[in-house]
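A short worksheet on the structure shown next.
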2 protein chains.
Amino acid sequence: MTTKISTDRKREIIQGFYELAKEKGLENTSIAKIGKHLGMPPSLIMHYFPTREILISHLISFILKRLLKIYTPIIKELRVQNYTDPHTFVDRMFSRDWNLLIDDGVFYSCFSLIFRNDRIKKEYRNLHLKLRENLKEILDQDEKLKLKDTALLSEQIFVVVEGAYYYLSMIDDQDLYEEKVKIFKNQVYDLLKY
Amino acid sequence: MTTKISTDRKREIIQGFYELAKEKGLENTSIAKIGKHLGMPPSLIMHYFPTREILISHLISFILKRLLKIYTPIIKELRVQNYTDPHTFVDRMFSRDWNLLIDDGVFYSCFSLIFRNDRIKKEYRNLHLKLRENLKEILDQDEKLKLKDTALLSEQIFVVVEGAYYYLSMIDDQDLYEEKVKIFKNQVYDLLKY
DNA sequence: AAATATATTGAACGATCATTCAATATTATA
DNA sequence: TATAATATTGAATGATCGTTCAATATATTT
C-alpha cells in the first residue's frame, strides 16, 4: 500500500509539472526544471516516477480527470431538479471554465502524443466517450428530446464544440471571439431543434 | 538573390525534417538527427536555418502550404464546369487526402505551438481564414445557396470538419471510423439544407 | 585565370537532458 | 527501543542538445 507521504508527493510533482508546462510549454519542461520549481532534487521525482514517460502519462491522467469535472456539477444539478434548460449546458460548454480548468497549450501538446502512444490515445478516447455519455444523460432528461436519438445528438454537439475550441484558440481579438462563440452556440441550438 | 543550390537545400532540409517528425515525432527530432537522416553535418543545416526556431517556423509554413493545396483542385474544377455538386467537396473534406497530405501527429504538434508563439498562431489563423474563403467561393457557385449566408455557412461547416478530424484521430477501428465519418458528413449536409 | 562568394565539412563548445547510485534522514513496524 | 522500510539528498553518469568556428571545397563573378 502506498503511504500518505508518497501519494501527496506524487500529487505535488504532477501539479508542479502541469504548472511549469503551462508556463513554459510541455516541450521545455524537464525533470530538472520541475525539481527546481518545487525545490527538490530530480532524483526524488524519479523515485516516484521511474521514467519521464511514466511522469507524462500521469500528467495526462491528471488533465483528463480535470476535464471530466466540468460536467459533474451539471449532472448533480440534474439529479436535484430533474430538468435542465439547454442553455445551461450549452453555456457551460462554451464557457471560459474549460480554459480555467486546463490550459489549452498543455492540453493540445498532450493530445499530439496520441499519435505516437497507444495508451495515451486510448485514454483520450475514453475521456471523450465519457463526455458524450454524460451529455447524453443530460439530453435524456429533456422532455422535448424524448423522440430523438440523443446518442447521435451528443456526438454531433461535441464535434461542434471541439471544432469550435480548436478554431477559437487561434483568435486573439476579444470581440471577434465572442462573436464566433455566439455563432457556434447557435449551431448547437439548431441541432437541438426540429 | 538566393541561388538554386540554396533553395534546393532548404527544401531538402525541411522535407527531411518533416519526414523524420512524421516517423519519430516532432519532439524527438533534433538537428543532429535531421543531419544524419539526410547525410549532412548539422552545421550545414544551421548554415541555412540559423536557429532551431527558424527551422520549425519553416516546417510550419511547409505544412500549411500543403494543406491549402487540398482545395486548389476543387477550385480549378469549379472554374471549368461552373458548378460543383456539394458531395464533391464534402467528400473531399472527409477524404483520406488530408491525412495523406500531412501527418496528423506533426500537424497537431505544430498546432500546439500557437499557444507559445504569436507568429505561428497568426500563420495558422491565416490558413484557416483562407480555407474558409475558399469554401465560401465554392458555395457561392451553388444556385441553391444563392439566398444563404455562405460566409457563415463555411464557418459552420469547417467547425464540424475540424471537430470531426480531432475526434476521428482517436479512433483505430476501421468500421467505426467509417461509421462516424458518415454521421459527420450528414451533419454537414444538414447545414446545407433548408 | 584570379578573385570573390557560397557551400560544405568536421571538430569542438558548454548546457542540459534523463537516469543511476550510494549515503543519509525520517518514518513505520516489530 | 531496535529493526526495517521509506523518503530525501547530492553528486555523478554518458548522451544528446543547439550552436559556433575555422578550414576546405566548389561555384560564380571579375
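Each chain gets a letter, A, B and so on, in the order the sequences are listed, and its residues count up from 1.
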Show me, pair by pair, the donor-acceptor contacts under 3.5 angstrom made by side chains of residues 47-56 of chain B, not counting sequence neighbours?
| unit_1 | atom_1 | unit_2 | atom_2 | d |
| --- | --- | --- | --- | --- |
| B:Thr51 | OG1 | B:Ile54 | N | 3.2 |
| B:Arg52 | NH1 | B:Thr29 | O | 3.2 |

(request) Please collect all salt bridge (Lys or Arg N to Asp or Glu O under 4.0 Å) contacts where either partner lies in residues 109-122 of chain B, sequence neighbours excluded, each pair once. (result) A:Asp172-B:Lys121
(request) Within residues 36-56 of chain B, find the residues that approach DNA chain C with a heavy atom at under 4.0 Å, and present them sorted by residue number. (result) B:Pro41, B:Ser43, B:Leu44, B:His47, B:Tyr48
(message) Please verify the inter-ring angle class for B:Tyr124 with B:His128; under 30° counts as parallel, over 60° as perpendicular, anything in between as tilted.
(response) parallel
(message) Among residues at least two apart in sequence or on other chains, which ones pass ring pair (Phe, Tyr, Trp, His ring centres under 6.0 Å) with A:Tyr18?
(response) A:Phe62
(request) Could you list by number each residue of residues 5-28 of chain B showing a heavy-atom separation from DNA chain C of less than 4.0 Å, or answer none if no residue does? (result) B:Ile5, B:Ser6, B:Arg9
(request) Measure from NZ or CZ of B:Arg66 to the centre of the six-membered ring of B:Phe107 and say whether it is under 6.0 Å with the direction within 45° of the ring axis. (result) no
(request) For the pair A:Val188 and A:Phe158, evaluate side-chain contact (heavy atoms from CB on, under 4.5 Å) and give the outcome as yes or no after the intermediate values. (result) CA-CA 9 Å; A:Val188 171; A:Phe158 257 112; over 6 Å; no
(message) Test of understanding: with side chain to side chain donor-acceptor pair (under 3.5 Å), list the residues that count as partners of A:Asp91, not counting sequence neighbours.
(response) A:Lys185
(request) For C:dT27, take OP1 and OP2 only and decide whether either is under 4.0 Å from a side-chain N or O of A:Lys4. (result) no
(message) Below the 4.0 Å mark, does C:dC17 have OP1 or OP2 next to a side-chain nitrogen or oxygen of A:Ser30?
(response) yes
(message) Distance check needed: C:dA18 P versus A:Ile31 CD1, whole Å only.
(response) 5 Å
(request) Check step by step if side-chain contact (heavy atoms from CB on, under 4.5 Å) holds for B:Asp142 and B:Thr150. (result) CA-CA 10 Å; B:Asp142 193 332; B:Thr150 50; over 6 Å; no
